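Here the structure comes first, spelled out in structure tokens, and everything after it is commentary.
Lettering of chains follows the sequences in order, A, B, ..., and the numbering in each one begins at 1. Please read all numbers here as calculations on a predicted model, not as lab measurements.
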2 protein chains.
Amino acid sequence: MNKTQVKLIEAAEHEFAKHGFHGASIRDITARAKANIAAVNYHFGSKETLFIEMIRHRLEPLNTLRIELLDDAVAKAGKRPLKIRRIVDILVRPMVESVVNGPQNRNFMRAMGRGMSEESEFMQQIYKDVLAKVVERFRLEMARSLADLPESVVAICFAYLRSTLSGVMQIRKNNLVLDTSIQFPDADTLVAYISGGIEAIAKDYRTQNK
Amino acid sequence: MNKTQVKLIEAAEHEFAKHGFHGASIRDITARAKANIAAVNYHFGSKETLFIEMIRHRLEPLNTLRIELLDDAVAKAGKRPLKIRRIVDILVRPMVESVVNGPQNRNFMRAMGRGMSEESEFMQQIYKDVLAKVVERFRLEMARSLADLPESVVAICFAYLRSTLSGVMQIRKNNLVLDTSIQFPDADTLVAYISGGIEAIAKDYRTQNK
DNA sequence: TGCCGAATCAAACGTTTGTTTTAATCGAGG
DNA sequence: CCTCGATTAAAACAAACGTTTGATTCGGCA
């Protein structure tokens with residue numbers, strides 16, 4: 001990946017984060033990257049492919065790390081299923097800390113969070129290419145951890161987890177709903193929140209069905 | 001509000017939900033409403049104003065109900081602050097049930113969820129006009145319920161609550177990340193999840209600072 | 001019926017969009 | 001020095017966009 005391509009991707013992260021996929025224009029992206037208007041189509045083929053490559057560029061290393069951490073934790077736990085909080089931690093912490101360490105990742109997070117609400121075909125392709133495997137892996141691990149709950153309840157828990165992450169990724173500075181705006185979630189509280197929420201659902205179910 | 005305006009708003013809900021604000025076109029909206037291309041500008045002035053009125057149309061009754069329920073609960077509680085779970089319930093349940101009762105509200109929810117990630121000026125106007133008062137009210141009530149926590153922690157809790165709601169609103173049928181797709185969250189589990197998450201953050205803070 | 005404002009309609013407006021084309025420029029290898 | 005593939009540049013493309021216009025139709029009241 002040469003210098004122009006990297007500049008284009010970083011400019012794309014900025015513009016897609018700020019205006020969403022349809023709201024961002026190739027002209028603004030190339031202008032920000034100080035490249036020619038034709039550069040996107042020359043290097044990436046299309047606006048959609050640029051978006052896909054932007055996601056892949058940041059997400060693939062992140063997901064590799066997540067899988068490694070999960071594999072380690074599962075190996076150390078032996079036969080015992082992991083605790084929910086542990087699973088959520090492994091899923092969430094690398095993401096949050098990538099934003100803390102690299103400010104550019106913040107734009108990427110927001111761009112991707114917004115993209116996840118798209119239902120165009122190119123977004124489904126992103127899901128299949130760089131997301132599906134990781135999602136399936138974590139979902140299975142969570143189902144194992146909540147083995148006493150019916151599949152439908154686990155599915156709801158997982159949907160809420162995903163919705164929370166998707167919502168958190170879209171948080172921006174000077175957030176509409178926040179005067180006391182937070183910079184970006186810290187891993188500890190976010191993990192506590194999500195796993196606490198899931199455990200509360202599980203607890204409700206258990207007390208209702210005991 | 002006459003018949004054409006209602007048709008336009010319902011078509012707008014559908015198109016904005018599916019494609020987002022910038023991805024939806026006035027031509028598609030008017031076509032779906034079986035109205036003329038000029039109808040949006042004639043009746044609402046602009047695409048942005050149509051979006052604003054669409055939000056106001058559904059959100060104002062919902063927020064009125066929320067405030068009524070909250071006032072009642074606070075009155076009955078006397079001096080005692082409401083429990084977190086109660087506050088979240090009042091905030092969330094009317095929203096979820098509006099979707100269960102009226103399928104059209106589902107489109108509205110998704111359109112609004114996507115709109116909340118916009119930072120254009122018209123979105124800030126929506127916030128000021130139809131959202132700010134309710135948000136402030138619930139935030140205060142939550143701060144009262146978590147009076148022993150510092151303001152920054154309450155702000156984080158509130159940000160997560162908001163992010164979860166924003167993410168949940170964007171859930172669609174055949175959600176990318178869900179094979180076993182859920183139709184729409186039910187109020188009970190969603191309330192349990194959010195309040196459980198907030199209480200988990202509070203619990204963490206208290207054990208660390210006792 | 002005659003009238004007038006409201007509503008609808010087809011057509012066109014000027015921009016902006018993503019993309020393509022064609023020529024110019026660059027940089028390493030023979 | 002020349003050549004050739006890779007990259008950049010400027011210009012143009014057709015299509016789609018939100019919006020406006022001006023004529024036409026509609027609906028209730030005098």
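- In this structure A:D188 satisfies the side chain to side chain contact (heavy atoms under 4.5 Å, CB included) test together with A:R93, A:D186, sequence neighbours excluded.
- In this structure, the CZ atom of B:F51 is 14 Å from the P atom of D:dG18, given to the nearest Å.
- For DNA chain C, none of the residues of residues 1-20 of chain A falls under the heavy-atom distance limit of 4.0 Å.
- Ion pairing between A:K83 and A:E199 fails under the 4.0 Å rule for side-chain N and carboxylate O.
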Please tabulate, one pair per line, each protein N/O and nucleotide N/O from nucleotides 22-27 of chain C that are separated by under 3.5 Å, including the distance.
none

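- Remark: B:S117 OG to A:I171 CD1 distance equals 12.0 Å, nearest 0.5 Å.
- Heavy-atom contacts from other residues, nucleotides or ligands closer than 6.0 Å to CZ of B:R66 number more than 12.
- Between A:V99 and A:F108, every side-chain heavy-atom pair lies at or beyond the 4.5 Å cut-off.
- Residue pairs satisfying the salt bridge (charged side-chain N to carboxylate O under 4.0 Å, His left out) criterion with at least one member in residues 39-53 of chain B, sequence neighbours excluded, are listed as follows: B:E53-B:R56.
- Contacts between residues 23-30 of chain A and DNA chain C, counted as heavy-atom distances below 4.0 Å, involve A:A24, A:S25, A:I26, A:R27.
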Result block: side-chain N/O donor-acceptor pairs under 3.5 angstrom for residues 33-44 of chain A, not counting sequence neighbours:
{"from": "A:N36", "atom 1": "OD1", "to": "A:A38", "atom 2": "N", "distance (Å)": "3.0"}
{"from": "A:H43", "atom 1": "ND1", "to": "A:Q5", "atom 2": "NE2", "distance (Å)": "3.3"}

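- Between A:K133 and A:E136, no side-chain nitrogen of the basic residue sits less than 4.0 Å from a carboxylate oxygen of the acidic one, so the salt-bridge criterion is not met.
- The side chain to side chain contact (heavy atoms under 4.5 Å, CB included) search around A:V134 returns A:N63, A:I67, A:F138, not counting sequence neighbours.
- Axis angle between the ends of the helix from C:dT1-D:dA30 to C:dG30-D:dC1, five pairs each and rounded to 10 degrees, works out to 10°.
- Once rounded to the nearest 0.5 Å, the distance linking CD1 of B:I156 with OG of B:S152 reads 6.0 Å.
- For the atom pair B:D89 CG and B:L70 CG, the distance stands at 11.5 Å (nearest 0.5 Å).
- In this structure, A:K47 atom NZ and C:dT16 atom P are separated by 15 Å, rounded to whole Å.
- Using modelled atom types, one finds a donor on one side chain and an acceptor on the other under 3.5 Å when comparing A:S46 with A:T49.
- With sequence neighbours excluded, the residues forming a side chain to side chain contact (heavy atoms under 4.5 Å, CB included) with A:V154 are A:A143, A:L146, A:L149, listed by chain and number.
- Every residue two or more places apart in sequence or in another chain that forms a ring-ring contact (aromatic ring centres under 6.0 Å, His included) with B:F16 is listed here: B:F21, B:F51.
- Heavy-atom distances under 4.0 Å link DNA chain C to A:I37, A:A38, A:N41 of residues 32-43 of chain A, given in residue order.
- Listed by first then second residue, pairs satisfying salt bridge (charged side-chain N to carboxylate O under 4.0 Å, His left out) with a partner in residues 4-24 of chain B read B:E13-B:R58, B:E15-B:R32, not counting sequence neighbours.
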